[in-house]
J.: 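Take a look at the following structure, please.
Bear in mind the structure is a predicted one, so any value in this text is a computation, not a measurement.
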Amino acid sequence: MQVSKDGRGWCVGTAADVGWIAGHTTAGVSITTAIPPIFDAYATTYQTDDVTATAYEHALIEDLTTHTPDQPWWLAYLDTGAHDVVFPHAPRVFLYWNWPYVLVQAGPEQALTWRTGGHIRRPHGALPDMFFPADRSWLVSALWDDTWTCVGGPAPLIHTLEHDPVASARQVRPGEDALPPGLTRE
């Protein structure tokens, strides 16, 4: 199935496209609650109070793009009933605790521009709630009730995020609590 936006058609994802994630995360407070334990390195990242949503999101996408060959990305928008899913009539895929996501194949530009109604972490944020490149070399996922974002991927990507002051990232190990210092759980 395809949906239309920006004058072109976009492929809608199915359960098969997220099968590598579905059922491969663990309940709890570790990074593997959001990211399957298949990557070389993991980090949490969040927008600090002194950085705008636009600056934070552009820095994150730039760091990811730097470590990703040119290819499509899968963008997933969590359907909370109150936040923009970009394509409200598209079919859903179900992840984590049977949460419904709209999954569309696009790219980094669309990740930064498609969502206009904000999301649960920031009223002015545009990023999808979960996204990854077609080669599955990394995964970015922000769970429904978290104010931070989890990332799994190659060690060089995680090191880039750690050294980017705007990304405010910290490396975590798979069994470690994913909560960034100074933040609280909702």
J.: Quick one: does Gln71's side chain have a donor or acceptor within less than 3.5 Å of a partner on Ala134's backbone?
T.: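 Here the side-chain-to-backbone pair exists.
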J.: Less than 4.5 Å apart, side chain to side chain, heavy atoms only: is that true for Leu78 and Met130?
T.: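 Leu78 does not reach Met130 side chain to side chain.
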J.: I'd like to check Phe39 versus Leu157 (side-chain heavy atoms, cut-off strictly below 4.5 Å). Are they in contact?
T.: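 The answer is no, as the side chains (C-beta and beyond) never meet within the 4.5 Å cut-off.
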J.: With the threshold set at 4.0 Å, does a side-chain nitrogen-carboxylate oxygen contact exist between Glu176 and Arg170?
T.: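 A salt bridge links Glu176 with Arg170.
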J.: Under the ring-ring contact (aromatic ring centres under 6.0 Å, His included) test, which residues partner Trp114, sequence neighbours left out?
T.: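 Expected list: Trp10, Phe87.
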J.: Group every Ile, Leu, Val, Met, Phe, Trp and Tyr by side-chain heavy-atom contacts under 4.5 Å, then state whether Leu95 and Val29 land in the same group.
T.: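 Looking at the clustering, Val29 is in a separate group from Leu95.
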J.: List the atom of Ser137, the atom of Pro154, and the distance in Å for their closest heavy-atom pair.
T.: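 Heavy-atom minimum between the residues: O-CD, 3.1 Å.
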J.: Take Thr147 and Tyr46, measure what side-chain contact (heavy atoms from CB on, under 4.5 Å) needs, and give me the verdict at the end.
T.: CA-CA 7 Å; Thr147 56; Tyr46 68 98; over 6 Å; no
J.: With a 4.5 Å limit on heavy-atom distance, are the side chains of Glu57 and Gln47 in contact?
T.: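 Not touching, per the 4.5 Å side-chain cut-off.
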J.: Look only at the side chain of Asp84 and the backbone of Arg115, and say whether a donor-acceptor pair between them is shorter than 3.5 Å.
T.: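 Between the backbone of Arg115 and the side chain of Asp84 there is no qualifying donor-acceptor contact (under 3.5 Å).
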J.: Just wondering, do Val86 and Val102 contact through their side chains at under 4.5 Å, heavy atoms?
T.: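 SC-SC contact between Val102 and Val86 ruled out.
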J.: Which heavy atom of Phe94 sits nearest to which heavy atom of Pro100, and what is that distance?
T.: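 It is CE2-CB, 3.5 Å.
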J.: Assess the side chains of Thr54 and Thr52: does a donor N or O sit below 3.5 Å from an acceptor N or O?
T.: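 Distance-only check fails for Thr54 and Thr52.
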J.: So do the side chains of Pro36 and Leu139 get within less than 4.5 Å of each other, counting heavy atoms only?
T.: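 Answer yes - side chains close enough.
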J.: Within the structure provided, determine whether Tyr56 and Thr149 are in side-chain contact (heavy-atom separation under 4.5 Å).
T.: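 Side chain of Tyr56 against side chain of Thr149, heavy atoms only: contact under 4.5 Å found.
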J.: In the structure I gave you, are the side-chain heavy atoms of Leu112 and Leu127 within less than 4.5 Å of one another anywhere?
T.: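 In short, these two side chains touch, coming nearer than 4.5 Å.
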J.: Could you pull out all residues at least two apart from Ala167 that satisfy side chain to side chain contact (heavy atoms under 4.5 Å, CB included)?
T.: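 Checked Ala167 against side chain to side chain contact (heavy atoms under 4.5 Å, CB included); matches are Thr45, Asp63, Leu161, Asp164.
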J.: Could you go through the side-chain contact (heavy atoms from CB on, under 4.5 Å) check for Thr25 and Thr33 one step at a time?
T.: CA-CA 5 Å; Thr25 56; Thr33 302; 5.9 Å; no
J.: Between His163 and His159, what is the ring plane arrangement, given parallel below 30°, perpendicular above 60°, and tilted in between?
T.: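 The rings of His163 and His159 sit tilted, inter-plane angle from 30° to 60°.
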J.: Before giving the answer on side-chain contact (heavy atoms from CB on, under 4.5 Å), spell out for Val18 and Phe132 the whole-Å C-alpha distance, their side-chain angles and the decisive distance to 0.1 Å.
T.: CA-CA 10 Å; Val18 292; Phe132 56 92; 4.2 Å; yes
J.: Could you please spell out the steps behind the side-chain contact (heavy atoms from CB on, under 4.5 Å) verdict for Arg136 and Trp20?
T.: CA-CA 9 Å; Arg136 303 176 184 170; Trp20 65 283; 3.2 Å; yes
J.: Name all residues meeting the salt bridge (Lys or Arg N to Asp or Glu O under 4.0 Å) criterion together with Glu109; count only those two or more places apart in sequence or in a different chain, and write none if there are none.
T.: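 None.
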J.: Between Ile38 and Trp74, is there a shared hydrophobic cluster once you connect ILVMFWY residues whose side-chain heavy atoms come closer than 4.5 Å?
T.: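 Yes, Ile38 connects to Trp74 through the hydrophobic network.
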J.: Can you check whether Ala34's main-chain N or O pairs, donor with acceptor, with Tyr96's side chain at less than 3.5 Å?
T.: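 Such a contact is found between Tyr96 side chain and Ala34 backbone.
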J.: Testing the basics here: between Cys150 and Ala178, what is the closest heavy-atom pair and its distance to 0.1 Å?
T.: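 Reported closest heavy-atom pair: SG-CB, 4.4 Å.
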J.: What is the distance from atom CD1 of Ile35 to atom OG1 of Thr26, rounded to the nearest 0.5 Å?
T.: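 It comes to 11.0 Å.
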J.: Which heavy-atom pair separates Leu75 from Ala106 by the least distance, and what is that distance?
T.: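 Looking at all heavy atoms of both residues, the shortest contact is CD1-CB, 3.8 Å.
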J.: Would you say that Phe131 contacts Tyr77 through its side chain, given a criterion of any heavy-atom pair below 4.5 Å between the two side chains?
T.: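 Not touching, per the 4.5 Å side-chain cut-off.
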J.: Considering non-hydrogen atoms only, spot the tightest contact between Pro91 and Val12 and give its length.
T.: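 Here Pro91 and Val12 meet closest at CD-CG1, 4.0 Å.
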J.: Working to the nearest 0.5 angstrom, can you tell me the gap between Trp138 CH2 and Leu64 CG?
T.: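 Result: 4.5 Å between the selected atoms.
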J.: Do you reckon Leu103 sits in the same ILVMFWY cluster as Trp97, going by side-chain contacts under 4.5 Å, direct or chained?
T.: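 Both belong to a single hydrophobic cluster.
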